[in-house]
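Report on the following structure.
So you know, we letter chains A, B, ... as the sequences are listed, proteins then strands, and number each from 1. Keep in mind the model is a prediction, meaning the values are calculated, not measured.
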Number of protein chains: 2
Amino acid sequence: MHYTSEQEYLAHYQKRDYDSPLFTVDMAIFSISKGQLQVLLIQRSNFPEKDKWALPGGFVDLNHDQDLMTTAHRKLLEKTGIHTPYLEQVETIGNRQRDPRGWSITSLYFALIDFQKFQIEETAQIEHSAWFPIHEALQLELAFDHQKLLNLAVDRLSSKTRYTALPASLMPERFTLTELQTIYEIILGHSLEKKAFRRRMQEAGVVEETGQHKIVGKRPAQLFRYALDDFNFTFPRMLETPRNSNEDE
Amino acid sequence: MHYTSEQEYLAHYQKRDYDSPLFTVDMAIFSISKGQLQVLLIQRSNFPEKDKWALPGGFVDLNHDQDLMTTAHRKLLEKTGIHTPYLEQVETIGNRQRDPRGWSITSLYFALIDFQKFQIEETAQIEHSAWFPIHEALQLELAFDHQKLLNLAVDRLSSKTRYTALPASLMPERFTLTELQTIYEIILGHSLEKKAFRRRMQEAGVVEETGQHKIVGKRPAQLFRYALDDFNFTFPRMLETPRNSNEDE
DNA sequence: AGAATAGTGTCTTTAAGACAATATGGC
DNA sequence: GCCATATTGTCTTAAAGACACTATTCT
């Protein structure tokens with residue numbers, strides 16, 4: 001059949017003229033608690049890969065989702081009850097082997113959420129979900145290729161931590177610089193120089209003083225807030241690993 | 001129906017249980033010629049968006065493509081006859097508006113190819129294709145959301161040029177440092193300091209001398225080759241824009 | 001006063017920018 | 001020798017690391 005106008009073409013067009021692979025969105029939802037980077041996993045209640053732990057994810061809702069980001073936000077909301085944190089697309093993986101049902105594609109997103117705000121959404125929660133420290137999660141024999149996906153997300157997070165202000169999105173509204181530095185250190189897996197860290201954050205204008213203080217135990221600490229619109233601020237240099245320490249291994 | 005084993009589940013599983021969006025791979029194929037960054041566009045011979053210029057792209061071949069990267073390589077080969085350049089996934093865009101046929105998703109890749117090696121593949125070439133300088137391409141009213149896609153690819157390329165050795169993948173086997181610097185300058189849109197550029201490349205061990213020289217006209221220049229395995233080397237600092245120049249605007 | 005945590009002073013180091021000076025080969 | 005292009009010397013600058021020192025509050 002030969003069409004002579006776009007209208008005519010679209011009138012005759014049927015979805016499913018082309019065989020289309022399965023498409024899903026998967027989420028690596030990160031938070032920090034107990035001094036460790038944690039990831040939220042769900043235990044699958046259905047085949048395939050029933051009973052295995054997996055990254056939360058699912059299909060696009062063609063009727064309700066405006067775009068992929070919406071799908072990711074919806075998944076996040078379903079699993080955590082949280083609505084507005086930082087979401088970033090990591091990578092899209094597609095091949096014939098990753099799912100026993102055949103050719104399938106997933107777009108992987110990661111989310112960074114403030115642990116204090118958070119509570120697992122129990123409503124209509126068929127599947128178990130739980131937080132795992134990253135290194136435990138990676139030893140869990142996850143469903144599908146989710147170990148690889150989780151590694152991709154962790155790598156992206158730690159690499160961006162070296163040159164952006166992204167970890168600030170894990171913080172509550174107000175926070176002390178020591179708290180922020182601790183978050184950086186947890187993600188990076190090594191310590192940072194206090195003076196250098198504070199200078200970097202303040203001189204770049206990434207954080208600003210609120211005037212308020214937080215008394216925890218000893219000397220009260222100044223409370224700061226994030227001073228920029230988005231979390232994609234890039235520093236002109238990478239953070240280094242401490243110059244003496246022979247790296248962990 | 002309730003299944004009790006993965007085998008049983010898979011035996012009854014049918015594709016198309018879920019409505020799945022259209023999925024394509026689109027390519028921003030870059031090269032450098034005549035002192036400008038160029039992109040390869042094709043003129044669509046079919047509906048929708050017939051006759052408009054577009055990024056080359058198409059559906060996954062579920063029977064032959066191993067994974068998405070293979071699909072991208074295949075598209076590149078079909079359009080250019082070239083087989084092994086640098087390919088990188090930029091982003092995956094999916095929403096309801098971008099294609100008149102409904103919800104659709106595209107994974108955008110970019111390729112960097114050595115213009116000297118290249119010739120447009122005329123074999124079985126139904127669609128016209130042509131190279132355009134980026135700024136011309138962006139004024140062309142491209143099909144679908146391809147202007148947005150092209151912008152994403154260009155942004156990724158220039159941002160990675162600021163802190164990686166990626167542009168080296170645009171070079172032939174052997175090249176002079178002046179040639180490489182020129183490529184950087186074209187992509188970035190501003191000049192770079194000669195000494196600083198050479199120091200950066202050589203001290204990081206990104207390039208190595210071949211011992212050979214190239215006599216163009218005046219003093220012969222040393223020929224270098226790329227010294228690393230992959231093109232993802234990251235420098236510890238960003239290139240700056242020249243400190244005096246008040247930027248272009 | 002002593003402990004603990006917050007915050008600063010300041011010297012060193014790394015790698016980039018600026019710019020002038022030198023080197024080489026064609027004509 | 002003159003010109004153009006390649007290549008190097010070396011001073012300055014930006015921003016990070018190291019590390020010691022001061023400040024504030026609690027007990």
Rounded to the Å, how far apart are [X] [atom1] and [N] [atom2]?
X	N	atom1	atom2	result
B:Gln181	C:dA16	CD	P	13 Å
B:Met201	C:dA15	CE	C1'	13 Å
B:Phe197	C:dA18	CZ	C1'	17 Å
B:Met238	D:dA16	CE	C1'	15 Å
B:Arg200	D:dA14	CZ	P	18 Å
A:His190	D:dA16	NE2	C1'	13 Å
B:Leu239	C:dT14	CG	P	20 Å
A:Lys214	D:dT25	NZ	C1'	16 Å

What's the spacing between A:Leu223 CG and A:Phe175 CZ if we round to 0.5 Å?
9.0 Å
Would you compute the distance between atom OG1 of B:Thr182 and atom CG of B:Leu192 and round it to the nearest 0.5 angstrom?
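Answer rounded to 0.5 Å: 9.5 Å.
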Generate the contact string for nucleotides 2-12 of chain D. Rules: B means base contact, S means sugar-phosphate contact only, - means no protein heavy atom under 4.0 Å.
--BBBBBBB--
Hey, can you tell me if B:Phe110 and B:Tyr86 have their rings parallel, tilted or perpendicular (30° and 60° cut-offs)?
tilted
Report the relative orientation of the aromatic rings in A:Phe144 and A:His146; use parallel for angles under 30°, tilted for 30 to 60°, perpendicular for over 60°.
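Ring orientation of A:Phe144 relative to A:His146: tilted.
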Check whether B:Glu208 reaches the backbone of B:Ala227 with its side chain - one donor and one acceptor, N or O, closer than 3.5 Å.
no
Determine whether a donor-acceptor pair (N or O, by modelled atom type, separation under 3.5 Å) exists between the side chain of A:Ser31 and the backbone of A:Ile113.
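Yes, because the side chain of A:Ser31 sits within donor-acceptor range (under 3.5 Å) of the backbone of A:Ile113.
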side-chain N/O B:Arg237 vs C:dA15 OP1/OP2, d < 4.0 Å
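So the side-chain polar atoms of B:Arg237 never come under 4.0 Å of the phosphate oxygens OP1 or OP2 of C:dA15.
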Please figure out whether A:Ile215 or A:Ala196 has its closest DNA chain D nucleotide nearer the 5' end.
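The residue mapped nearer the 5' terminus is A:Ala196.
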